[in-house]
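All figures in this text were calculated on a predicted structure; none of them were measured in a lab.
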Amino acid sequence: MENKIVLIFVLAFIPTILGRNATTGTIVVDVTTTIAETDENFICLTLDIWPHDECRWSKLCVWDGHASMLNLDLTLPIINKAVQAFKSLRIRVGGTLQDKLIYNVGAGFEGTCHPFQATKGSLFDFSVGCLYMERWDDLNNFFNNTGAIVTFGLNALLGKYKTQGIQWEGNWNYSNAEALIQYTVENNYQINSWEFGNELAGLNSIGASVTAAQYAKDVIKLREIIDRLYNNSQQKPMIVAPGAFFDEKWYEEFLRKTGPGVVDVLTHHIYNMGAGDDPKLIYRFVNSTYLSQVSSTFEHLENVIRKNAPWGAAWVGEAGGAYQGGSPHISYTFINSFWYLDQLGMASMYNTKVYCRQTLIGGFYGVIKSSTLLPTPDYYGALLFHRLMGPRVLKIDNNVSSDLRSYAHCSRGRSGVTLLFINLSNATDFIINVENNINLSLRKGKASNGQRIKIDSPREEYHLTPKDGLVRSSTVLLNGNPLETTKEGDIPNLLPVYRQSNSSIHIAGWSIAFIVIPHFVAPACN
């Protein structure tokens, strides 16, 4: 649907503050310079590779519903329209089983690979699987029709053998990946980046581990293949690696061994909320101290890149909040957005260029729930972030409360600033005034030098709250109205309410708000 703007003044939605404490405070935005910058297409969603009968929990199949890249019905209207709503959504295709996936193309492989089969005792308890070229054709047609920007994860274990523990050694057998890339080039399929391997690096490798030296040697070979096969192409795909949990020493050695001109993007994975079946999981989503702990990972990776690979960029290649496929009771509900949107804001402050959320669909953490094919609250939060928060990140000074998480970006595609507020408290509402650091108050309407600013233009407010005030509701309200798709799978219009720019901002308990202030004076955004 088109995003039609309806001007609302008198009946504007104002979150209620009755029956709760109300704290008044001032947020100061540093508008003189940006502190970081994301990619224009920061939001990314993933498609994993698990077969539909993957059952890691007793009597509960996490991937039941044909929701992986191997078996998802790519003609479903809701899937297509959910991706198209972003206009240019990044999609990362990959996951645990990508390092056991054979491509049915090329000498020695075509006609010899078969679908995944549960195989106890094998790596990840599955046999080698198969990506048929008919399916690769269908996936690329889907990507082209929806405007997706694609990262595809390659099998990095082919040719290697297990030695001791989880250590794998040997040179990469690149022939199958080369055949897939050659097929992709010949068919003019647009792949933005090729990612090498999944969670094979460092101390927190999952299932299998490869040394930084061997990994570097293999990626250098991938670079040779990319340069040769895309020699006549106008745009050359990036190389993304290692798609692992951050291990500072491993990453540094890997970058030293590869050197410049090989790896374009350093990816890392984050599942900092804990196991999906942890009974204490829910409390972490409203614990500001806990949510902030992961900032050290972003900071350390940023430093590693600045020191060892100033030409490179940091991406979150996969993040699902809770691991083990997510939580069956939390991941698709409103409270999950506290973690997700907070981490989007946090990651952007450390020059993270792209953030890939696990998943578009599949597992319990899909932003489209596979059992109902309905978007979750996280889907709408991601869509608002994509549409409203521009790439340039501003520093924000928040001394109001640790329960009020706050982030500021230059607005996307227009002047002014967009703020993201997350209220982790159910006991306190916040009444916020916003100023900038050059002593320009929106409430006063003039600068310290007496110059008046334009405040008659309204600001836009997008308040997200859970249905019936229940944070474990799977229905989210936008400015008091439930967000629901049509029978045809159309995504609803995300309409703001309008308030005078010099009035206070009301942030209700257990709510999330995007505030767009079009005439906020911000030299850094010019």
Side-chain angles (χ1 to χ4, degrees), residues 48-51 54 56 69-70 93-132 152-183 194-226 239-247 249-258 262-263 266-269 317-318:
D48 213 308
I49 306 179
W50 291 107
E54 191 280 327
R56 70 183 69 185
M69 59 87 81
L70 295 174
V93 182
T96 300
L97 292 184
Q98 80 179 53
D99 294 305
K100 301 201 73 173
L101 188 66
I102 301 297
Y103 322 119
N104 191 42
V105 63
F109 297 96
E110 186 174 359
T112 64
C113 65
H114 306 282
F116 286 113
Q117 296 291 330
T119 308
K120 199 69 175 177
S122 180
L123 180 64
F124 307 123
D125 290 332
F126 274 94
S127 68
V128 168
C130 190
L131 173 61
Y132 298 96
F152 185 82
L154 294 168
N155 182 341
L157 282 184
L158 190 63
K160 300 188 186 302
Y161 54 92
K162 184 178 180 180
T163 55
Q164 185 176 7
I166 64 170
Q167 196 67 37
W168 286 58
E169 297 180 3
N171 292 328
W172 177 46
N173 180 347
Y174 56 83
S175 60
N176 193 217
E178 183 176 11
L180 176 68
I181 297 171
Q182 178 72 55
Y183 180 91
W194 296 96
E195 186 172 28
F196 190 73
N198 182 81
E199 297 176 355
L200 303 175
L203 296 175
N204 296 309
S205 301
I206 305 298
S209 183
V210 178
T211 66
Q214 182 62 56
Y215 218 91
K217 183 178 179 181
D218 297 338
V219 170
I220 289 171
K221 185 61 187 180
L222 176 60
R223 169 54 68 193
E224 294 175 1
I225 294 170
I226 295 294
I239 290 181
V240 176
F245 294 100
F246 180 63
D247 179 335
K249 291 183 178 179
W250 193 100
Y251 275 62
E252 285 184 327
E253 182 182 354
F254 173 66
L255 289 172
R256 287 194 300 267
K257 297 287 186 182
T258 53
V262 178
V263 178
L266 274 293
T267 45
H268 66 119
H269 294 182
E318 182 181 313

message: Are more than 12 heavy atoms, taken from residues, nucleotides or ligands other than Y174, located less than 6.0 Å from that residue's OH atom?
response: no

message: Please evaluate residues H269 and N198 with respect to the criterion side chain to side chain contact (heavy atoms under 4.5 Å, CB included), reporting the C-alpha separation (whole Å), side-chain torsions for both, the decisive distance (0.1 Å), and the verdict.
response: CA-CA 9 Å; H269 294 182; N198 182 81; 3.2 Å; yes

statement: All heavy atoms of T267 vs all of Y251, minimum pair found to be O-OH, 2.7 Å

- request: Begin from the C-alpha positions of I206 and F245 and carry the test side chain to side chain contact (heavy atoms under 4.5 Å, CB included) through to its verdict.
  value: CA-CA 9 Å; I206 305 298; F245 294 100; 3.8 Å; yes

Ion pair check, K221 and E224, cut-off under 4.0 Å: yes

- prompt: Would you call Y103 and L154 a side-chain contact if the rule is heavy atoms closer than 4.5 Å?
  reply: yes

- line: Rounding to 0.5 Å, atoms CD (E178) and CD1 (I226) come to a distance of 9.5 Å

query: With no hydrogens and no angle check, is any side-chain donor or acceptor of D125 less than 3.5 Å from a backbone partner on K120?
result: no

- line: Heavy atoms of A208 and L157 approach each other most closely as CB-CD1, 4.0 Å

- prompt: Are any of the side-chain heavy atoms of W194 and I225 separated by less than 4.5 Å?
  reply: no

task: Nearest 0.5 Å please: distance from the OH atom of Y215 over to the CZ atom of F254.
output: 7.0 Å

- request: Compare all side-chain heavy atoms of L97 with those of W50 and state whether any distance is below 4.5 angstrom.
  value: yes

- request: For N176, enumerate each residue passing the side-chain hydrogen bond (donor to acceptor under 3.5 Å, both in side chains) test, keeping only those at least two apart in sequence or located in another chain.
  value: none

message: Strictly distance-based, threshold 3.5 Å: is any side-chain N or O of W172 a donor or acceptor partner for the main-chain N or O of N155?
response: yes

query: Any idea which heavy atoms bring K257 and A216 closest together, and the distance?
result: CB-CB, 3.3 Å

query: Shortest non-hydrogen contact from C130 to N104?
result: SG-CB, 3.8 Å

- request: To the nearest 0.5 Å, tell me how far I102 CD1 sits from Y132 OH.
  value: 11.5 Å

field: Shortest non-hydrogen separation from G197 to A156 and the atoms involved
entry: CA-CB, 3.6 Å

field: Test item: V262 and L222 side chains (from C-beta on) under 4.5 Å apart, heavy atoms
entry: no

query: Tell me, do L266 and P242 make a side-chain contact under 4.5 Å, heavy atoms counted?
result: yes

message: Enumerate the side-chain hydrogen bond (donor to acceptor under 3.5 Å, both in side chains) contacts for residues 157-170, please, sequence neighbours excluded, ordered by first and then second residue.
response: K160-D218

message: Looking at every heavy atom in both G106 and A179, which two are closest together, and how far apart are they?
response: CA-CB, 3.7 Å

- prompt: Between CG of N204 and CZ of F246, what distance do you get to the nearest 0.5 Å?
  reply: 11.0 Å

Nearest-0.5 Å distance, NE2 of residue H114 to OG of residue S127: 9.5 Å

- prompt: Between the side chains of N171 and Q214, does any donor sit under 3.5 Å from an acceptor?
  reply: yes

task: Check whether any side-chain heavy atom of I49 lies under 4.5 Å from a side-chain heavy atom of L70, and answer yes or no.
output: yes

message: Is the shortest side-chain heavy-atom distance between F152 and L131 below 4.5 Å?
response: yes

field: Close side-chain approach of L123 and D99, heavy atoms under 4.5 Å
entry: no

- request: Calculate, to the nearest 0.5 Å, the distance between atoms CD and CG belonging to Q98 and L101 respectively.
  value: 8.5 Å

